[in-house]
Novice: 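My questions all concern the structure below.
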Number of protein chains: 2
Amino acid sequence: MMSVDAQPPARVRNAASWLINMVSAHSHRLVGDGFAAAGARGYHYRLLAALDEYGPSSQATLGRHTGIDRSDVVAALNELAEKKLVERAPDPSDRRRNIITLTPDGARHLAKLDDVLAGIQDDLLEPLDPSERAQLTALLTKLADHHAKRSRL
Amino acid sequence: MMSVDAQPPARVRNAASWLINMVSAHSHRLVGDGFAAAGARGYHYRLLAALDEYGPSSQATLGRHTGIDRSDVVAALNELAEKKLVERAPDPSDRRRNIITLTPDGARHLAKLDDVLAGIQDDLLEPLDPSERAQLTALLTKLADHHAKRSRL
DNA sequence: TATGTATTGTTGGTGACACCAATGTTGGCT
DNA sequence: AGCCAACATTGGTGTCACCAACAATACATA
């Protein structure tokens, strides 16, 4: 039994799909653990980073920049505001909006999370030499750009 | 201060970490949608694939092969068994164990999911030419292998 | 033989991420 | 005015991942 059968068993993984999911899962775990150790989670980082990059924004704008649903933005900002990492103020020029501002504490926290992420990146890419890392980054950028364009339709 | 501040705004994404997460999220969404359309989810595919690759197994073994927690294996197998894609039988030689077997229907379903996955892969890798796809696969394989080895400690 | 340890299946609970529907308020347009 | 779009918020759903506890069974060894 199993004479020649031992050949097609590993067909299971459709290469890229499976690989991306494996690496993704690993990266996801590393990031989750790292952020948890820093008392944060992915949504927090994304929001803080968007605030740092684009400056004070409304919650809806933050949602668009981070790809986080409006409702989830509310919850995450509640948590960030409670820790004084972010400030919520009504927009005088449009009373529907809240203007969210990064506090100095928030900026410091973001810097810490950046460090965490850098460490994770090293861990994740450990088996790759610099040239390979550049290759991977280039390929992933291509995919990410393509996906971003498509999702903007 | 901060005059030259306009430079480091896009520093936000620590390249690979961020990119992998973006691509991973996109892939995750595609896979989730694709599986949902086929009336399945990730756990189902993983379990069916493991059964196909390793043959009839106990639930604990399935969990180890797929990286799914024992408790989640139970739930997913309940769903698969209800759809007759899998059979649960007590192991006579060890009354703690259940032996899970892939049914012909299950094998057919797995084949369908493999097709779904292949389609997703094409969609995901659309912007890459064959040589680039090979590169990406090679790099991801390196990462996945490295991770697999590490998690086996 | 008895006792302790490990494994197995199972139940139940938690958290993160992603998404959707409904609501009330406000802005803008015609 | 009236209508429609955008905003913040609440609450709910589903998937993935993980953990703790339990009873039953197997195994080792004292």
Side-chain angles (χ1 to χ4, degrees), chain A residues 20-22 24-47 56-81 86-100 113 147 151, chain B residues 21-22 24-47 56-81 86-100 113 151:
Chain A
I20 288 186
N21 268 8
M22 288 313 272
S24 135
H26 186 55
S27 143
H28 215 271
R29 211 171 60 85
L30 288 178
V31 172
D33 289 356
F35 280 176
R41 53 198 189 97
Y43 280 8
H44 296 165
Y45 176 75
R46 290 202 238 165
L47 289 168
S57 324
S58 76
Q59 300 185 185
T61 303
L62 281 175
R64 284 180 219 110
H65 280 145
T66 57
I68 303 177
D69 190 90
R70 283 195 192 77
S71 56
D72 299 319
V73 169
V74 174
L77 286 183
N78 286 342
E79 297 161 4
L80 291 175
V86 127
E87 254 198 6
R88 222 197 222 108
D91 183 341
S93 77
D94 185 340
R95 312 224 304 275
R96 291 172 304 180
R97 290 186 170 96
N98 288 334
I99 297 184
I100 310 297
L113 294 182
H147 135 268
S151 75
Chain B
N21 267 8
M22 289 313 271
S24 136
H26 184 56
S27 142
H28 215 271
R29 210 170 61 85
L30 288 178
V31 172
D33 290 356
F35 280 176
R41 53 198 189 96
Y43 279 9
H44 297 164
Y45 176 75
R46 289 203 238 164
L47 290 169
S57 323
S58 76
Q59 302 185 185
T61 303
L62 281 175
R64 285 179 216 111
H65 279 146
T66 57
I68 302 177
D69 190 89
R70 306 222 273 325
S71 57
D72 299 319
V73 170
V74 174
L77 285 182
N78 286 342
E79 297 159 6
L80 290 174
V86 128
E87 255 197 7
R88 223 197 221 109
D91 183 341
S93 77
D94 185 340
R95 311 225 306 276
R96 292 172 302 180
R97 290 187 170 94
N98 288 334
I99 296 183
I100 310 296
L113 294 182
S151 76

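Basis for what follows: all heavy atoms, side chains included, without hydrogens, waters or symmetry-related copies. Numbers restart at 1 for each chain; the letters A, B, ... are given by sequence-line order, proteins then strands.
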Novice: Return the 5'-most residue of the pair A:Arg96, A:His28 with respect to DNA chain C, ranking by each residue's nearest nucleotide.
Specialist: A:His28

Novice: How many whole angstroms separate atom CZ of A:Arg95 from atom P of C:dG24?
Specialist: 18 Å

Novice: How many whole angstroms separate atom NE2 of A:His44 from atom C1' of C:dG15?
Specialist: 12 Å

Novice: Mind calculating the distance between CZ (A:Arg29) and P (C:dC17) to the nearest angstrom?
Specialist: 15 Å

Novice: Rounded to whole angstrom units, what separation is found between the CG atom of A:Asn78 and the C1' atom of C:dA16?
Specialist: 16 Å

Novice: Starting at atom CZ of A:Arg46, determine the distance to atom P of C:dC17, rounded to an integer number of angstrom.
Specialist: 7 Å

Novice: Are B:Arg70 and C:dG9 close enough that a side-chain N or O sits under 4.0 Å from OP1 or OP2?
Specialist: no

Novice: Verify the neighbour count for atom CD of A:Glu79: are there more than 12 heavy atoms of other residues, nucleotides or ligands below 6.0 Å?
Specialist: yes

Novice: Taking any heavy-atom pair under 4.0 Å as a contact, classify A:Gly42: base, sugar-phosphate, or nothing.
Specialist: sugar-phosphate

Novice: Atom CG in A:Leu62, atom CG in A:Asp72: separation rounded to 0.5 Å?
Specialist: 13.0 Å

Novice: Testing the basics here: between A:Gly63 and A:Val73, what is the closest heavy-atom pair and its distance to 0.1 Å?
Specialist: CA-CG2, 3.8 Å

Novice: Please report the distance, rounded to the nearest Å, between CZ in B:Arg41 and C1' in C:dC17.
Specialist: 15 Å

Novice: Heavy atoms under 4.0 Å, any strand shown: does B:Asp69 hit a base, just sugar-phosphate, or nothing?
Specialist: base

Novice: Let me know, please, whether A:Asp72 or B:Asp94 comes out on the 5' side of the other along DNA chain C by nearest nucleotide.
Specialist: B:Asp94

Novice: Quick one: closest heavy-atom pair of B:Asn98 and B:Pro90, and the distance?
Specialist: OD1-CA, 4.0 Å

Novice: Between B:Ala76 and B:Tyr43, what is the shortest heavy-atom contact and its length?
Specialist: CB-CB, 4.1 Å

Novice: Should the side chain of B:Ser71 and the base of C:dG9 be counted as holding a donor-acceptor pair, with the cut-off at 3.5 Å?
Specialist: no

Novice: When the distance from CG of A:Asp91 to C1' of C:dT25 is rounded to whole Å, what number comes out?
Specialist: 14 Å

Novice: What distance separates A:Asp91 CG from A:Ile100 CD1, expressed to the nearest 0.5 Å?
Specialist: 10.5 Å

Novice: Check A:Arg97, A:Arg70, A:Arg88, A:Arg64 against A:Gln59 for a side chain to side chain donor-acceptor pair (under 3.5 Å) and give me the one that passes.
Specialist: A:Arg88

Novice: Of A:Arg64 and A:Ala25, whose closest DNA chain D nucleotide lies nearer the 5' terminus?
Specialist: A:Arg64

Novice: For DNA chain D, which nucleotides open and close the run of contacts to chain A, 5' to 3', at under 4.0 angstrom from a non-hydrogen atom?
Specialist: D:dA5 to D:dC18

